[in-house]
Amino acid sequence: VTGLLVEPNNPGELSAAIISLLRDKDRAQNMGQEGRKFVEQGYTMHKMIHDMHKLYLSLLESRGDKSHQ
């Protein structure tokens, strides 16, 4: 929905995927719009701050630091 997957280190497959999108502008545009929606919904400032906070707490807990509780 948001892009095409190709095998790593396969320039022929990558170029074929790029050419397919150049030939199908509607599909390319739809993928771009879906990609933008995915990022806007999944990577808000609030979510990133929340995830970073959880990461810091888990790192503190793994060190045995209980001062954050």
Distance-only criterion, 3.5 Å: show the donor-acceptor pairs between side-chain atoms of residues 28-40 and protein atoms not counting sequence neighbours.
from, atom 1, to, atom 2, distance (Å)
Asn30, ND2, Asp26, O, 3.3
Glu34, OE2, Lys37, NZ, 3.0
Arg36, NE, Glu40, OE2, 2.9

Answer yes or no: does atom CG of Leu55 have more than 12 heavy-atom neighbours from other residues, nucleotides or ligands under 6.0 Å? yes
Which residues pass the salt bridge (charged side-chain N to carboxylate O under 4.0 Å, His left out) test with [X], sequence neighbours left out?
X	result
Arg27	none
Glu13	none
Asp24	none

Side-chain atoms of residues 44-52: list all donor-acceptor pairs with protein atoms under 3.5 Å, sequence neighbours left out, distances to 0.1 Å.
from, atom 1, to, atom 2, distance (Å)
Thr44, OG1, Lys47, N, 3.1
Lys47, NZ, Asp51, OD2, 2.8

Would you mind listing the cluster partners of Ile19? Hydrophobic ones only (ILVMFWY), side-chain contacts under 4.5 Å, chaining allowed. none
